[in-house]
Protein chains: 2
Amino acid sequence: MADIARRPESRYGTRPTMKDVAARAGVGLKTVSRVVNGERGVTPDTERRVREAIEALGFRRNDSARVLRKGRTATVGLVLEDLADPFYGPLSRAVEEVARAHGALLFNGSSAEDPDREQELALALCARRVDGLIVIPAGDDHRYLEPEMRAGVATVFVDRPAGRIDADAVLSDSFGGARDGVAHLIAHGHRRIGFIGDRPRIHTAAERLRGYRAAMEDAGLPVRDAWVSPGSTDPDRVSTAVREMLAAPEPVTALFSGNNRVTVTVVRALARHGRPVALVGFDDIELADLLGVTVVAQDAAALGRTAAQRLFRRLDGADEAPERLVLGTTLLARGSGEIAPPAA
Amino acid sequence: MADIARRPESRYGTRPTMKDVAARAGVGLKTVSRVVNGERGVTPDTERRVREAIEALGFRRNDSARVLRKGRTATVGLVLEDLADPFYGPLSRAVEEVARAHGALLFNGSSAEDPDREQELALALCARRVDGLIVIPAGDDHRYLEPEMRAGVATVFVDRPAGRIDADAVLSDSFGGARDGVAHLIAHGHRRIGFIGDRPRIHTAAERLRGYRAAMEDAGLPVRDAWVSPGSTDPDRVSTAVREMLAAPEPVTALFSGNNRVTVTVVRALARHGRPVALVGFDDIELADLLGVTVVAQDAAALGRTAAQRLFRRLDGADEAPERLVLGTTLLARGSGEIAPPAA
DNA sequence: CCCAGTGATGACAACGTTGTCCAAGCCCTA
DNA sequence: TAGGGCTTGGACAACGTTGTCATCACTGGG
């Protein structure tokens, strides 16, 4: 990775500093600082002269230097999985809104589901001295953050819990949501239900699989190996899984898909399939209402908002024990989940 | 807006500095700096002692202080309209990837289509001394950025051009795309076509409206006032517009929608309508393929990537005149745009 | 007329890092 | 053995800001 900051000569047109402003206004450095920060103890006339100098020079305070003195940066880091995933956009935006209300700016970074990249990103943010860190984990070992947290970086995990450290986490009820979604299919008469999910090392994916199994077990239904397909969200992989489940010796009559990306591919695959097949997906999707796709919706914005609020509560001095908050999910019946199994 | 950095006492557990590391390793301050930065001139034995001290203390270099010395921050700011809009997620992600390849981190901020907020955000980023700024304009006067650009902040505008200043811009061909989309409808026999778009003070919205008019004029077709409805993307507003156009004395037989949010609402409204109505939308939408919605697609990721590349070229010293790059659009025929007008 | 009190102002150190420069130790050659 | 070069290390200033403290000019009361 190239490193900009290491390049020797700066091409910057030099910026005016408070010293320049002071010289131009014929006042002391500290007086400029006072004006800029709205501190009291400056006569209106002096203030006017300073403001004129600021205006004339196009001065803007260097917050980097300020940070060095003050300790706090009014900056928060958000490490997520992929900003291009429509699930994370609203989450990120919600974090941003809370940060903004607290006067903080937001660093954004995507881990691309790579633990090393997650770590690299989180530590780079710590080196920039963010006040707080919100992390959607890609990895399952976050001990690397311990020194940072001890040093005072408030840290909240979202969507998935931290691995091997004790930290705040804000999660959706993946287990309960999946269980409800599958139970919904069972209630509509299905007995052979397939599960297509993300890689099980991802916490949410494992939880949803667990929810699927729980619902089946609660109903006294068996689960065949051929009905369970965890793995990548690659469209080819998912399409193949759909095809195989529908062609198995004991074919499934309904599918539960483990997240938005899987659902999209499953919907496409089912559209190509002849008979209608019941489907419930985890995560809502834009236009799913028009397609009549029944989903278990989680509130991405609420996840982000809750996490950010918790973060700022800590930054405001709250000294509570790390806590795990679980947000509920909502089943939205739109048709695909209410299709009855074929009369056999 | 509250200001975190202004709070007096820092709750931070104090972090070790290079001085602490030097003391513990029994070497000079500068030697630690050398080790941390991989400079030569340190014996392996000394280096080992320093690394041990770093490890033991959990030291991490303070990049804020570093920045103060070096001038560059290896930080780029992105001001966009709304991170929760699925159009901007991929754009932001593309910018991030380019930034990452150059060793830079990304600040993200949403203007919420509010010019004041755009300015506030952009200037806050400048105060943080970002090396470069990528802006999706909400306002139409960017003279406030002139001092910053003179001071060396590389600036590139995306999606919409800057107002009242001369600056790089990377745009999609809104005019051409809209003209092609409307021409497509005309080619399928439509003569009364409605346009529902975003507020015309937004550059892209105005351009698309212009493209619509051009296509109609090229075909020698009249445009009735009742067929043109620029305005907010509020679902109620858009639904009403759809209803009115379909119920007008000379009802439209096809609609062109000006962006992704409008399209979504139009699709919903048309689904409630009895007869099929032809539709072409600007911007692609997830699952539009399944719904058979014909769209004029722009490549959001390419917009972001191109803008970021241009930004870093400038940061690398390129001293070219400001330029306007226009990226082409693609018409994706999926059914809704190929519906013939009713036999009259 | 003097002194304490008040308000405006500036000098200076400090934040944590890096660039510059100098010193000490070493090895080599003449 | 003197002199030169190379390697290693550290002292110090500087980056641009803010906190502390001292100074100065006034004010009003005794």
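- Across all strands shown, A/T46 has heavy atoms under 4.0 Å from sugar-phosphate atoms exclusively, and none from any base.
- By the neighbour-count criterion of 12 heavy atoms within 6.0 Å, atom CG of A/D140 is sparsely surrounded, having that number or fewer from other residues, nucleotides or ligands.
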All N/O contacts under 3.5 Å from nucleotides 13-18 of chain D to the protein, with atom names and distances to one decimal?
residue	atom	partner	partner atom	Å
D/dA14	N3	B/R69	NH1	2.7
D/dT17	OP1	A/N62	N	3.1
D/dT17	OP2	A/M18	N	2.7
D/dT18	OP1	A/N37	OD1	3.2
D/dT18	OP1	A/N37	ND2	3.0
D/dT18	OP1	A/R66	NE	3.0
D/dT18	OP2	A/S33	OG	2.8
D/dT18	OP2	A/N37	ND2	3.1
D/dT18	O2	A/R69	NH1	2.6

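- The ring pair (Phe, Tyr, Trp, His ring centres under 6.0 Å) search around B/F87 returns none, not counting sequence neighbours.
- Taking the screw axis at each terminus of the helix from C/dC1-D/dG30 to C/dA30-D/dT1 from five consecutive base pairs, the angle between the two is 60° to within rounding of 10 degrees.
- Every residue two or more places apart in sequence or in another chain was checked for a side-chain hydrogen bond (donor to acceptor under 3.5 Å, both in side chains) with A/E39, and none qualifies.
- Residue A/T31 has no polar side-chain atom (N or O) positioned under 4.0 Å from OP1 or OP2 of C/dT9.
- With respect to A/E148 and B/R60, a salt bridge is recorded, a charged nitrogen being found less than 4.0 Å from a carboxylate O.
- Atom-to-atom distance recorded for A/D85:CG and A/I136:CD1 is 9.5 Å, nearest 0.5 angstrom.
- Residue A/V42 is classed as a sugar-phosphate contact, given heavy-atom separations below 4.0 Å to backbone atoms only.
- Listed by first then second residue, pairs satisfying salt bridge (charged side-chain N to carboxylate O under 4.0 Å, His left out) with a partner in residues 44-55 of chain A read A/D45-A/R48, A/D45-A/R49, A/E47-A/R51, A/R48-A/E52, not counting sequence neighbours.
- An OP1 or OP2 oxygen of D/dT8 is reached within less than 4.0 angstrom by no side-chain nitrogen or oxygen of B/T43.
- Below 30°, between 30° and 60°, or above 60°: for B/F157 and B/H142 the angle between ring planes is above 60°, a perpendicular geometry.
- Pairs engaging residues 48-81 of chain B under the ring-ring contact (aromatic ring centres under 6.0 Å, His included) rule: none recorded [sequence neighbours left out].
- If you check every strand for non-hydrogen atoms under 4.0 Å, A/V27 touches sugar and phosphate atoms only.
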